[in-house]
> 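One structure coming up, written as structure tokens, with questions to follow.
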Protein chains: 2
Amino acid sequence: MSEPLAAATGPGRPRDAEVDRKALRAAVELYAELGWAKFTLDAVARRAGIGKAAIYRRWPTRERLITEALEQALVLPAIAIDTGSLREDLLELARSAMGYYLGPYGLAGLRLRVEAHACPELLAGLAAGAQRSRVLEARAVVRRAIARGELGERASPTLILDTLLGALLNHVLATPEDLRAEMTARSEQYVEDVTAFVLTAATSIYPGSSPDRAASEV
Amino acid sequence: MSEPLAAATGPGRPRDAEVDRKALRAAVELYAELGWAKFTLDAVARRAGIGKAAIYRRWPTRERLITEALEQALVLPAIAIDTGSLREDLLELARSAMGYYLGPYGLAGLRLRVEAHACPELLAGLAAGAQRSRVLEARAVVRRAIARGELGERASPTLILDTLLGALLNHVLATPEDLRAEMTARSEQYVEDVTAFVLTAATSIYPGSSPDRAASEV
């Protein structure tokens, strides 16, 4: 599809994709800063430095724009964690979650989870979608550990994943802005510590048929 | 101080305190639903069903109102948890946090933690204040367990509290609206399960000089 406006006003070699990318990124940033109540197409046009007409032509309503922007930013590609070891799988899962919380879209994702409860009509669906692939992947990690005998059959994916991912979430949320750089610098160590902590509880409470395997990896 | 407007328009036996209470509650509710970007004194007056003049006379700016409203709603009274046992202390701490997340101010508190990072100038201070008493209390729980010999001296309050409180936070945030009633009904069982999980990891990784005491309580 040709895009006359972008071609006429954009810098360098303007393309549809470049205008889209700027608008979607501006939408995620504004949403992270202001939330849904204050989210407008005009504000996105200003932040992205592109014409209102270009925004309105692509996304006639703010609902359409936020849906596309957040789906693109927050629905993670499946990273297909499957190292063959519970410890390594949990470590990759925790590392990926921490990178996400600390990255450019982490704030938008957190806000979406809070606002999904405040204004469920639009945002709840988005929040559920953004979370689904991660939750399925995380549950698969626990199921495979049970199948390998690293954990017992009654092992609770919910408990293991709430403690692992919740600890990282709480850590990021509880750190004041002025300590954020320090927290970020130490995040890999923290990820390893939380993973070891959760693995210890999981293998103690839900011992598998080959406990030595899991224990030797702590 | 007399309050002519409230006396003229309020029902029953209107008092200053009743107008204040309505306004502060409406402020917390609106903040939870809309966030700081959309928070206005006019909207609070409408929600509370009291005159704008009464609001503006008490709180000349939205900053003054949100500060008082959130401090009153979110700064928890110290509950002075000190049962003499790590397990019981953690259980009380978790129960109190879960009650808070599920209660009327939980959503406002979560939003404040997210927005403290998005607009730090005003909200970061509030968020820090709202959290301080809980964090101090939680750290004291771990310190006393170390002093009693239930945990070793190197026990990390951060790790123990991030996993305990973060698990509850993640659990509440990850539950869709349509499963919220069921999650709430099962919350006491979940609190006990998370506490036992975290206690197992803590006493395994940081064994104290009287490990039998902690272990016998699991």
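First the proteins, then the strands, lettered A, B, ... as listed; each starts at 1.
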> Calculate, to the nearest 0.5 Å, the distance between atoms CG and OH belonging to Asp162(B) and Tyr190(A) respectively.
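Nearest 0.5 Å value for the CG-OH distance: 3.0 Å.
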> Does CZ belonging to Arg186(A) count more than 12 external heavy atoms closer than 6.0 Å?
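No - once you tally the heavy atoms of other residues, nucleotides and ligands closer than 6.0 Å, there are 12 at most.
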> Examine whether an atom of Tyr206(B) lies under 4.5 Å from a heavy atom of chain A, and if so say whether it belongs to the side chain, the backbone or both; otherwise answer neither.
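For Tyr206(B), the contact with chain A is made by the side chain alone.
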> Under 4.5 Å heavy-atom distance to chain A, tell me which part of Ile160(B) shows up: side chain, backbone, both or neither.
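Answer is both: backbone and side chain atoms of Ile160(B) are under 4.5 Å from chain A.
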> Nearest 0.5 Å please: distance from the CG atom of Leu165(B) over to the CG atom of Leu173(A).
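Reported to 0.5 Å precision, the distance equals 12.0 Å.
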> Quick one: which of Ala37(B), Ser204(B), Ala202(B) has the most heavy-atom pairs under 4.5 Å with chain A, could you say?
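If we count pairs closer than 4.5 Å to chain A, Ala37(B) comes out on top.
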> Does Glu115(B) reach the side chain of Glu33(A), with side-chain heavy atoms less than 4.5 Å apart?
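SC-SC contact between Glu115(B) and Glu33(A) ruled out.
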> Working to the nearest 0.5 Å, report the span between CG of Leu169(A) and CG of Asn170(B).
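Taking CG in Leu169(A) and CG in Asn170(B), the distance rounds to 6.0 Å.
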> Got more than 12 heavy atoms from elsewhere within 6.0 Å of CZ, Arg144(B)?
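Correct, the count exceeds 12.
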> To the nearest 0.5 angstrom, please state how far the OG1 atom of Thr163(B) sits from the CG atom of Leu164(A).
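Those atoms lie 10.0 Å apart.
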> Could you tell me which portion of Val198(B) (side chain, backbone, both or neither) has an atom closer than 4.5 angstrom to a non-hydrogen atom of chain A?
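Both parts, heavy atoms under 4.5 Å.
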> Between Leu107(B), Leu110(B), Leu34(B), Leu159(B), which has the largest tally of heavy atom pairs under 4.5 Å with chain A?
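Looking at each option in turn, the highest pair count goes to Leu159(B).
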> If you count the non-hydrogen atoms of other residues, nucleotides and ligands that lie under 6.0 Å from CZ in Arg47(A), is the total more than 12?
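Yes.
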> At a heavy-atom separation under 4.5 Å, does Ser156(B) approach chain A through its side chain, its backbone, both, or neither?
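Nothing of Ser156(B), per the 4.5 Å heavy-atom cut-off to chain A.
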